[in-house]
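For the single chain, residues carry numbers from 1 onward in sequence order.
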Amino acid sequence: MFFNWIIIKEKIKNSQIIFLPIFLWLLLWSTYNTDMFRIFATAFSRSFFDLVHGVRSFFPFVALLLAIGILIKGKKISTDFLKGPLGFLFLYAVVGILASLLSKNIWLSLYWGILYISAMVVLLVFLEKPNAQKYISYIFYFNFFIAGTIALALTAVFFLQSGGFSFITLIQFLQGRRPYEGINNIGAEVLTLGMAGTRPTGLGRYAGLTSILLLAHFWYPNKKIRIIFYSLFAVFFPILIFTRARTSVVGFALAILLMAFLKAKSKISFVFIFTSFLLLLTMIDFFPFSMAYLNNENLLQEDTGVSYKVPTKKDVAKPTSRPYLIFNQRIEVPDNITNVTSSEISFDTVTTLSGRTTGIWPQSWNLFLTSPLVGRGFFADRIFLEGQHAHNLFLQALVQTGTLGTTFFTLTLLYSWFLAIKLFLKFPQNIILLSAIGMLAYFTMRGITESFVFFGADYLFMVPVIAYIQILYFNEKNNHHVGVL
C-alpha cells in the first residue's frame, strides 16, 4: 500500500511538469483579443460575451499571483536570470512600468506594464527548477499549438462564410486580394463571438509561426515522425501564402533561408534552396519589386476599404448576445476611410511602407522627444496618439521607455542572437534551438512594421524563445545535459 502511494505521488509530480507550465501560460493567453476595460463598458452586464471576455482579462493576474506564491514557497528566488538576455528584458519592463507614471492614463499604462512583466515572472518559476529546459520546451510547443489552432480556426471561419469556399474566392485571390480584406466581400475585424475579428496580417502571423516550427522539424532525427511535420507543413504554408501578409511572408522567408544556411551540408544546396524560394515568392506575387506586387489593390496595410466594410473601435466594443459565430455582420465604414483602387497604388506606397515613414513614425518620434530618457510608459503610442500603433519595434520601445529602456531592449535582442548562434554551432542537432533562431529572424524582420515590446501575441511567442536560449546557455555553461529538444 505504501509502495503504491509512492508511485501515485511520483506520477502526480511528473504530471505537474507538463500541466503547471501549460496552465500558467494558458492563463496569460486568456487576454487574447480583450482587456479588463471591457468590464467598464456601459452595456457590460447585458452581454454574455462581454462578461466572459471581461472576466478572462483578469486571468493573467491570477497567473502572476500564483507564480509569485510558488517562488516565495520554494524560497528559490535568485538574480541569476538577470545575467542573461531575459534579465535585460526584465529591466526594460521595469523602466516601462516606472515611466507609466508619466502617462496621461496612468492606470491603463500600468495595466499593460504589469501584464508584460507577468510573463517573465511565470517563466522565472521554471527557470529556477533543475529541469528548466524541459519546462520551457513545453511552453514553447504549447505556443505553437495555440498558433496552429488559431490559424486553422480563422481559416475555417473564413471559408464557412457564405461564398467563402468558391471559385470566385480563387479568382479574387489571383487578382491580388486578401482574406478578411476584400475577398468575397468579407471585411476585416468583423465581430465574432463578441470579439473583433482578424485581418490578413493576423492570420498570416499564426500561419507563419507554425510553418517555421514545422519547417525546423524537417531535420528531426526520426524519419517516420518527420512525415507528420511534412504533412502539417503542407497545410499551414498554403494558409500563409493565402493571407498575402507581406511582413509574415518576408519574415518566414528570412527564417527559412537562415535555417537552411545553418543546416546546409554544402553552399551549393543552400544556393539551390535560396534560388527556388525566391522564384516561388516571385510567382506568388510577394517579391516586392514585381509589377504584380505594385499593382496589388490591397497593398495598403492600414484599414482601407475595397468593397467591404471596416468597423470602428466603437463598433468593435458593442456587445452581442448571439451565442454563435456572426458570419454575415457588416459595419459601416468610418468617414475617414476611403476606397482604394489599384490605380492609386504607386511606388511611393512601397518606399514609405504604406505611409508609415510619413505618418505614424514621425508622430511617434515627436512623442519620444517629449520624454527622451524614460519614455511615456507602456501603451504610450495608443494613449498619446489617439489609438494609433507605432508600427516599429524600436520606435515603440522609445516612446514607451525612452533611450534607457530601449538600450536594455536592444541588448536583449543582440544578446539573444549572439547566444543562439553560438549555441547552435555547438549543438546543431537541437531542433528547438533551430526553431528559436528561425523565430528570432522572423520577429526581427517583423519588427520593421510590428513589435513585441508590449504585451500581445508576438510577445507571448517571443519571450519563451529568449528564455529557452538563456536556459540552454546556463546548462551548457554549467556542463548540464543539452538534448535534441
Side-chain angles (χ1 to χ4, degrees), residues 17-33 56 59-60 63-64 67 85-86 89 115-127 132-154 198 201-217 220 228-229 232-233 235-237 239-240 248 251-252 255 259 412 416 420 430-447 450-472 485:
I17 294 178
I18 300 177
F19 172 75
L20 185 60
I22 289 178
F23 173 70
L24 291 179
W25 206 250
L26 184 61
L27 290 178
L28 294 176
W29 267 102
S30 297
T31 53
Y32 175 75
N33 222 350
R56 69 183 174 89
F59 290 173
L64 176 62
L86 202 61
L89 191 63
L115 281 180
Y116 195 85
I117 209 167
S118 65
M120 282 180 274
V121 176
V122 168
L123 290 172
L124 183 58
V125 170
F126 307 109
L127 290 172
Q133 185 178 336
K134 181 178 291 187
Y135 278 106
I136 303 301
S137 67
Y138 288 141
I139 294 176
F140 187 90
Y141 279 110
F142 181 61
N143 262 346
F144 281 97
F145 170 78
I146 290 175
T149 301
I150 294 177
L152 290 176
L154 293 176
T198 190
T201 50
L203 176 56
R205 168 178 57 199
Y206 298 115
L209 286 170
T210 308
S211 298
I212 289 173
L213 177 79
L214 295 172
L215 186 70
H217 283 70
Y220 194 80
I228 299 175
F229 295 115
L232 291 174
F233 183 79
V235 173
F236 286 97
F237 181 64
I239 295 176
L240 172 63
S248 293
F252 172 80
M259 290 191 293
T412 300
S416 297
N430 189 296
I431 300 299
I432 294 183
L433 180 58
L434 181 64
S435 305
I437 291 174
M439 287 186 64
L440 275 175
Y442 177 84
F443 281 112
T444 300
M445 175 64 205
R446 186 174 166 82
E450 302 295 339
S451 78
F452 58 90
V453 295
F454 70 100
F455 186 87
D458 283 14
Y459 172 66
L460 288 177
F461 284 121
M462 189 61 184
V463 70
V465 170
I466 298 173
Y468 185 84
I469 292 171
Q470 177 164 315
I471 196 60
L472 208 63
L485 297 175

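Between Trp29 and Pro60, the closest side-chain pair of non-hydrogen atoms is not below 4.5 Å. Contact of the Trp25 side chain with the Val122 side chain is registered, since non-hydrogen atoms from C-beta on lie closer than 4.5 Å. You'll find the side chain of Leu152 reaches within 4.5 Å of the side chain of Phe236, heavy atoms only. For the pair Leu127/Ile471, a side-chain contact is recorded, criterion being any heavy-atom separation below 4.5 Å from C-beta on. Contact annotation: the side chain of Thr210 never approaches that of Phe233 to less than 4.5 Å [non-hydrogen atoms, C-beta and beyond]. Considering only heavy atoms from C-beta on, Leu213 stays 4.5 Å or farther from Phe229 through its side chain. Residues Asn430 and Tyr468 form a side-chain contact, since some pair of their non-hydrogen atoms from C-beta on lies under 4.5 Å apart.
Looking at every heavy atom in both residues, Leu86 comes nearest to Gln470 through N-OE1, 2.8 Å. Between Leu89 and Thr412 the shortest heavy-atom distance is N-OG1, 3.0 Å. The shortest non-hydrogen separation linking Ala255 to Ala441 is CA-CB, 3.9 Å. Taking all atoms of both residues into account, the shortest heavy-atom contact from Leu240 to Ser248 is CD1-CB, 4.0 Å. Residues Ile212 and Met259 come closest through the heavy atom pair O-CE, 3.9 Å. Closest non-hydrogen pair, Ile136 versus Pro464, comes out as CG2-O, 3.7 Å.
For the atom pair CG of Leu154 and CD1 of Ile239, the computed distance is 9.5 Å after rounding to the nearest 0.5 Å. Rounded to the nearest 0.5 angstrom, Ser137 OG and Ile432 CD1 are separated by 4.5 Å. Taking CD1 of Ile469 as the start and OG of Ser416 as the end, the distance is 5.0 Å to the nearest 0.5 Å. Here the CG atom belonging to Leu203 is positioned 10.5 Å from the CD1 atom belonging to Ile150, to the nearest 0.5 angstrom. Atoms CG and CG, from Leu209 and Asn143 in turn, are 9.0 Å apart once rounded to the nearest 0.5 Å. Distance check: Leu24 CG to Phe19 CZ gives 8.5 Å after rounding to the nearest 0.5 Å.
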- Task: For the pair Phe237 and Phe252, evaluate ring pair (Phe, Tyr, Trp, His ring centres under 6.0 Å) and give the outcome as yes or no after the intermediate values.
- Result: CA-CA 10 Å; Phe237 181 64; Phe252 172 80; 5.5 Å; yes
- Item | Working for side chain to side chain contact (heavy atoms under 4.5 Å, CB included), residues Phe142 and Leu26 | CA-CA 9 Å; Phe142 181 61; Leu26 184 61; 3.9 Å; yes
- CA sep, side-chain torsions, deciding dist, call: Phe454, Tyr459, ring pair (Phe, Tyr, Trp, His ring centres under 6.0 Å): CA-CA 7 Å; Phe454 70 100; Tyr459 172 66; 8.8 Å; no
- Message: Between Phe140 and Val465, does the side chain to side chain contact (heavy atoms under 4.5 Å, CB included) criterion hold? Intermediate values first, please.
- Response: CA-CA 7 Å; Phe140 187 90; Val465 170; 3.7 Å; yes
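If you look at Tyr138 and Phe126, their ring centroids are not closer than 6.0 Å.
With Phe461 as reference, Phe443 is the one residue of Tyr442, Phe452, Phe144, Phe443 to meet the side chain to side chain contact (heavy atoms under 4.5 Å, CB included) rule.
A donor-acceptor pair is defined here as one N or O able to donate and one able to accept, closer than 3.5 Å; such a pair exists between the side chain of Arg56 and the backbone of Tyr32. A donor-acceptor contact shorter than 3.5 Å is absent between the side chain of Tyr135 and the backbone of Pro21. Judged by distance alone, the side chain of Ser451 and the main-chain N or O of Gly447 form no donor-acceptor pair under 3.5 Å. Ser118 places no side-chain N or O within 3.5 Å of a backbone atom of Leu64 that could act as its donor or acceptor partner.
Evaluation of the salt bridge (charged side-chain N to carboxylate O under 4.0 Å, His left out) test over residues 451-465, restricted to residues two or more places apart or in two chains, returns Arg205-Asp458, Arg446-Asp458.
The aromatic rings of His217 and Tyr141 sit perpendicular, their planes meeting at an angle over 60°, well past the 30° parallel limit.
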